[in-house]
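The structure under discussion appears below in the form of structure tokens.
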Amino acid sequence: MLFMAESYDFASIEHKWQSRWERDASFRAPNQSGKPKYYAMEMLPYPSGDLHIGHAKNYSIGDAVARMMRMLGYNVLHPMGWDAFGLPAENAAIARGADPAAWTTENILNMRRQIRLMGTSYDWSREIATCEPEFYRWNQWLFLRLYERGLAYKREAPVNWCPQDQTVLANEQVQDGRCWRCGHLVERRNLSQWFLRITAYADRLLDDLDKLSGWPDRTRTMQRNWIGRSEGATFAFAVDGLDAGIEVFTTRLDTVYGVTFLAVAAEHPIVAALESIISAERSAQIAAFAESLKSKSELERTSLMEKRGIFTGAYAIHPLSRERVPIWVTSYVLADYGTGAVMGVPAHDQRDFEFARKHALPVVTVVVPPDEAAVVPDVSFVEDGRLIASDDFSGMSSERARAEIAGRLETLGIGKRSVNYKLRDWLISRQRYWGTPIPIVYCPRCGEVPVPDKDLPVLLPPGVRLGGEGSPLASVAEFVETTCPTCGEPARRESDTMDTFFDTSWYYLRYLDPHNDQLPWSPARAQQWMNVDQYIGGAEHTVLHLLYSRFFYKFFHDRGWVEGSDEPFAHLFHQGMVLRDGEKMSKSRGNVVGIDETAEKTGVDAMRLFLLYVTPPEDTSDWTDEGISGRVRLLHRIWRACRPFLERAAPARGESLRALPPAESDDDKVLLRAVHLVAKSAVEETLSRRFHYNTTIAKLDELVNAMTAAAGTRPDSPALLYAVRTMPLLIAPFAPHIAEELWEGLGNRGSVHLESYLEPDERALVLDEITLVVQVNGKVRARIRVPASIARERALALALEEPNVLAHLEGKPVRKQIYVPGKLVNIVA
RNA sequence: GGGAUGGUGGUGGAAUAGGCAGACACUACGGACUUAAAAUCCGUUGCUCGAAAGAGCGUCCGGGUUCGACUCCCGGCCAUCCCACCA
């Protein structure tokens, strides 16, 4: 070594450049620019207290993409904000007797500090927090626009109720029958609640998934399944002795002659209607049965419980065969899917089969396999086949029979083809305080009255007592007691607040125009910046945020507030989780990796490199102390490989830093090629949107290995100095602080992040000489060094001179010769 | 029950229009430097045989296609995730 290299002091370097970027507002995205736009966004965090390493991974990927695209010549919009309303703030406030707003503000301050500590290139001038009136007034404004179009409505319905959190939940927020926040078993309750009519967009949300070629397939499949479109028919059975019918929905109309009972949900209206024709004793039994179901949680009632049921004593008339079939009240039919009643066909539906077995109901086979194979006992035959015992439909295929029978029912006027969705309307009412007040007033005279735009925002009152029964706002007289906007008489405000997923269904538009006090965003800004070119976040939001956002965006598009595509996120990327030594991080385990301690111990450049390097970004990463120390080592090696040479490497006045020097030796060629292999990989991984920077950083390791070797043997080689000069450009997107320090050390003024990336140069990448693999019968027997331009005949001739090749040919005649240019020769004997 | 994804050394991973399996890193071991340690630098590291040259085996298992298969096809096993009486 020529002289002692000063050691790489990451702490002061990182601090220095973070201050510089902040002072210069280096990453502000101008609305006016001659460059093409690129909107890169990571999912905004909930301000829970501390940034965790999962956030860090998300932002490391997003920041690498944003910095790469900036260096590739785009005007990059890269914003950050806070998903600041929600239950944890309220629960924390209850636990400490504090104010949710204060708790949230404190957390935002801390997490903003930590995000800045990561050195991410956000445009902080566009920062938003959803709990601020400047933001949530537009939630209310958008709610009113939805309301005007009949897309927001209130109705009484069976809903998911979490007894722990004392609030209702959307379908999407119930996981395995439990509350997604607290894990408590969810109950069913009949309550009057606000819904958004997302089902009006079900077909478009489904069909347009095909347009989203930039989304992962699994995400699209999950949304497809969640929307759950199924095509079939709805038709009615008459009730014997009563002037009423029971409608059923089925996708298997071909099995209709196999109906041996009707199964209805306990909440079905017909249950009450039947009281007039059945005995009081039975009515009481049915009521008791229904009551026993009501007290069960959804989970107990469905997955965990066997199929229970009770015979009503009443019969229905089969609309085609005219046979009488018993009507049963059951536990396994869902009240809010289809019609709340199903035709029981035990021979061809496994659930009906189990129920029929238990209650000794007949099983009538009407569809048989086409190959006449024996029907397996104890299992229903659920495939399509050929119909038997089905009047004049006998002999038809299932597919044809479905069409023919639907036609018959339509002719008879007792049924029609229909479509059902698993997707339900989105329940947005929350009986909690820390959210956007729903801007509705109830007037005794005028009824439900929307708050006029000029009265927005409806402010959340401060100092509300939390933790009692019912909705906290309901007990705040100054809030609830108001006057009717229409008639001026005393009236009551709605005391429910909105699901926070309302906020995040459109927040990406607010970044475009964060200070607009006339509109949530101006259409001109939307036209300029939308769509989001690259969205990066966790996969857990697939059927929540990502579905709701699509719904909102289609609504905005229909209203003409956004133009072009009616999908908000053109490309979506899900990063994988981060574990610690193979386990989930948690406070109780005491294995949480903190951002502050990591910044102090290893520096954030090392952390970023580690998170990008340890696995492909979509995979689960495992944080280990050994792993991170490997990346610390890399940064030290880069420092030592560059620092002593910076002065000599600095380009002379008027000389281009990027000019490729001539290679004086094979070692030089290796070095120049190593530089451009990094550049090539970085560019390709970015533009292909694979973001497998783990392979890019592996090539960086190789480059540094080559530089270290060269520094020992040829410290004055132009190739080495070129590698030193270009190093800051290469690493800028991945280790932005050390990149700036080296860039400055080369005598450059201005930020390396505003430079263009090193363009991969074919002249450096191309090889003069290659290693050709020689196989005999598909097995490698020799390797020969040959000119890259070698002709086929010459390559084959050289291969046949190799002693080991000749040995394995054993003098046998050559039957075939394969030549793959640049790769291999295979001699088949 | 339905759907999706995946299975490569001691470990994370690399390799895709079918063409050198194991890049790069971690761990481990050995060497140099040091009074010593740390750090650093150099080397070895899929398994078996061999002093070496080299040989055999090897990408979950069993078949198939091919001059050639981690990669494509058929059958099976295992793992993870999501959804789930959705009629």
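Note on naming: letters A, B, ... go to the chains in the order of the sequence lines (proteins, then strands), and numbering restarts at 1 for each one.
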Choose from B:G19, B:C26, B:A4 the nucleotide whose nearest atom is closest to any side-chain atom of A:E626.
B:C26
Taking N or O atoms only and anything under 3.5 Å, show me the protein contacts with nucleotides 12-15 of chain B, one pair per line.
| unit_1 | atom_1 | unit_2 | atom_2 | d |
| --- | --- | --- | --- | --- |
| B:G12 | O2' | A:V614 | O | 2.6 |
| B:A14 | OP1 | A:N694 | ND2 | 3.1 |

Between A:T221 and A:K699, who's closer to the 5' end of RNA chain B by nearest nucleotide?
A:T221
Base, sugar-phosphate or nothing for A:V342? Non-hydrogen atoms, less than 4.0 Å.
base
Less than 4.0 angstrom from a charged side-chain N to a carboxylate O is my criterion; do A:D667 and A:R714 meet it?
no
Against the side chain of A:T251, the closest entry in B:C67, B:C85, B:A87 is B:A87
To the nearest angstrom, how far is A:K584 atom NZ from B:C81 atom P?
8 Å
Please determine, for the side chain of A:R640, which listed nucleotide (B:G19, B:A87, B:C41) has the closest atom?
B:C41
Establish, with yes or no, whether the OP1 or OP2 oxygen of B:C67 is under 4.0 angstrom from a side-chain nitrogen or oxygen of A:K816.
yes
Look for any protein N or O under 3.5 Å of an N or O in nucleotides 55-59 of chain B and output each such pair with its distance, or none.
| unit_1 | atom_1 | unit_2 | atom_2 | d |
| --- | --- | --- | --- | --- |
| B:A55 | OP1 | A:R781 | NH1 | 3.0 |
| B:A55 | OP1 | A:N804 | ND2 | 3.2 |
| B:A55 | OP1 | A:H808 | NE2 | 2.9 |
| B:G56 | OP1 | A:R781 | NH2 | 3.3 |
| B:G56 | OP2 | A:R781 | NH1 | 3.1 |
| B:C57 | OP2 | A:K779 | NZ | 3.2 |

Taking the side chain of A:D701 as heavy atoms from C-beta outward, which of B:A87, B:C24, B:G19 is closest to it?
B:C24
Short side-chain N/O contact to B:A25 OP1/OP2 from A:N705, under 4.0 Å
yes
Could you check if the base of B:G68 is syn or anti? Syn means the glycosidic torsion is within 90 degrees of 0.
anti
If you check every side-chain atom of A:N826, which of B:G68, B:C82, B:C20 has the closest atom?
B:G68
